Each structure stands twice: as C-alpha cells, then as structure tokens.
> 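Got a structure for you, questions after.
These numbers come from the heavy atoms of this one structure, side chains and all, not from hydrogens, waters or symmetry mates. Proteins get letters first, then strands, A, B, ... in listed order; numbering begins at 1 in each. These figures come from a predicted structure and were not determined experimentally.
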Amino acid sequence: MDEVVDRARSLLGRVLHGHGVAVRITEVEAYGGVLDPASHAFTRTPRSEIMYGPPWRLYVYRSYGIHHCANVVTGPTETASAVLVRAGEVVEGRELAHERRGDVAGVQLARGPGNLAQALGLTLTDLGTDLLSDSGVRLGPPPDAVPPISSGPRVGVSKAADVPWRFWVTGDPTVSAYRRSPRA
DNA sequence: TAGGCGATGACCT
DNA sequence: GGTCATCGCCTAC
C-alpha cells in the first residue's frame, strides 16, 4: 500500500498535457484499488475495469452528470490503484484553457478535479489513453527538483476519508483548502 | 429494468 | 454555510 502513496507523491510537479493545454500537477489523491473502500475499483465493474489494467493509463469518469474527473492508473496490473489529479497550474495553452473554463482567475483554471479535467478538455472519449505514448493526453517526465509536499485527509469521499492520502505542493496558490465531505 | 446516488462546483443567502 | 443541477453507472427488484 505504501507504493500507492509513493506513486501519488511522485506525480506532483509533473506536467500533464491534454489537447493543447499543459498543467503542472499540484494536488493529487491516492486510491488503493481493491484494498480501499473509497475507490471506484473496490468492486470490480465495467466502469472500473480500466484500473485493473496496466499502469499509466487515463481513467476518466463523470460525476454529478456535469463534471469530469481525471485519474492516472498507477498499477501494477490487477491492484487497481489509481491517483486522482485534483489540481494543477496551467503552464501551456493558457488561452485555450480560458476558452474552455471561461473568464476566471489564472490560478483557478485547473483548481479542483472537475475544473482541471475541463481545462484539459478531457472527456470520456479519453478513457484508457496511454499517458506515456505521444497521444492527445500524455504525462511529462518527473521534475528536476522534487517540490515540498504536504498531506491530509481525502476530500469528498464518504468512506475511509481519515487516511491522509491527499498530497499537494506546499503553499502552491493553485491548491485550495477544500472542506471535508459533509458525509464523511 | 427502474430507482438511487455520487472522488463536484457554482451560486445563493 | 447551504442548496441544487444532472446523468451514467451500480444495485436490487
């Protein structure tokens, strides 16, 4: 299970490219797959099947009928562990991101999982994309310097919200202080 | 096959 | 701080 956490932390500072917009990841949440009751993959269903596959694939799901959220499957195969990308800083394609997100402050372009997916133009059609190949959505190499990292409880989940599996770049303005789920 | 329910965000008070 | 939009997926008939 520690491996899940390590992979999540290692995503911070990396750049996620999506359809003309690139985002430096500043906030993530780890999900432990078959061992984690809060994970979509806790029960194996057609929707979560993608997470049981090889790592570095994209898992996108729709929430509340409106928002898309982007996850990176961190593998290994059959463990179904994944990392939810919660926030980032737009470092490329700023204009396009504004077009998609509307007239909002720069730091808010990709703040929150739904907003981040929208800024990158991610939809269900991107489900299963290989993030290491040179496709429309891909993940950049690890940063030269590892940023300072803080951790805390996960947001919005109704189960196992007390495990400190949310990680963010300390002091980064694109990370907001999210309130805990009222249902937790 | 029908009903219930979010790994959210925006807007209202 | 509280409410609500809105739809695909999961679970239970």
> To the nearest angstrom, how far is Arg62(A) atom CZ from dG8(C) atom P?
6 Å
> Of all the choices, dA10(B), dA5(C), dA7(B), which nucleotide is nearest to the side chain of Ser158(A) once you look at every atom?
dA7(B)
> In terms of side-chain heavy atoms of Asn115(A), which of dG9(B), dC10(C), dT6(C) is nearest?
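It is dG9(B).
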> When you compare the side chain of Val60(A) with that of Thr123(A), does any pair of heavy atoms fall below 4.5 Å?
no
> How many Å lie between CG on Leu58(A) and C1' on dA7(B), as a whole number?
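After rounding, the gap between these two atoms is 15 Å.
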> Determine which bases of DNA chain B form Watson-Crick or G-U wobble pairs with both distances under 3.5 Å, and write the result as a 5' to 3' dot-bracket string with | for other-strand partners.
||||||.|||||.
> Looking for any heavy atom pair under 4.0 Å, which part of the strands does Arg101(A) touch: base, sugar-phosphate only, or nothing?
sugar-phosphate
> Going by ring centres under 5.5 Å and near-parallel planes (under 30°), is Tyr64(A) stacked on dG9(B)?
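According to the criterion (under 5.5 Å, under 30°), no, Tyr64(A) does not stack.
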> Just how far, in rounded Å, is P of dG9(B) from CG of Leu116(A)?
10 Å
> Less than 4.5 Å apart, side chain to side chain, heavy atoms only: is that true for Tyr52(A) and Val34(A)?
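They are in contact (side-chain heavy atoms under 4.5 Å apart), so the answer is yes.
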> Between P on dA7(B) and CD on Gln118(A), what's the gap in Å once rounded to a whole number?
20 Å
> Both Leu124(A) and His67(A) contact DNA chain C. Which one's nearest nucleotide lies toward the 5' end?
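Upstream on the strand: His67(A).
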> Examine the side chains of Thr174(A) and Thr26(A) and answer whether a donor and an acceptor come within less than 3.5 Å of each other.
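Thr26(A) and Thr174(A) do have a side-chain donor-acceptor pair below 3.5 Å.
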> Would you mind reading off the distance between Glu29(A) atom CD and dT8(B) atom C1', rounded to a whole angstrom?
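Distance check: Glu29(A) CD to dT8(B) C1' gives 12 Å.
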> Check whether any side-chain nitrogen or oxygen of Arg47(A) sits under 4.0 Å from OP1 or OP2 of dC10(C), and answer yes or no.
yes
> Rounded to the nearest Å, what distance is computed from the NE2 atom of residue His68(A) to the P atom of nucleotide dT8(B)?
15 Å
> Does a side-chain N or O from Thr43(A) land closer than 4.0 Å to OP1 or OP2 of dT11(C), or not?
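Yes, Thr43(A) has a side-chain N/O under 4.0 Å of OP1/OP2 on dT11(C).
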> Would one find a side-chain N or O of Ser63(A) under 4.0 angstrom from OP1 or OP2 of dA7(B)?
no
> Nearest whole Å is fine: how far is dA7(B) P from Met51(A) CE?
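Taking CE of Met51(A) and P of dA7(B), I get 11 Å after rounding.
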> I'd like to check Asp172(A) versus Arg24(A) (side-chain heavy atoms, cut-off strictly below 4.5 Å). Are they in contact?
yes
> Has Tyr61(A) got its ring stacked on dA7(B), by the test of a centre gap below 5.5 Å and a plane angle below 30°?
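No, the aromatic ring of Tyr61(A) does not stack with the base.
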> Grab the NE2-P distance between His40(A) and dG8(C) for me, whole Å please.
16 Å
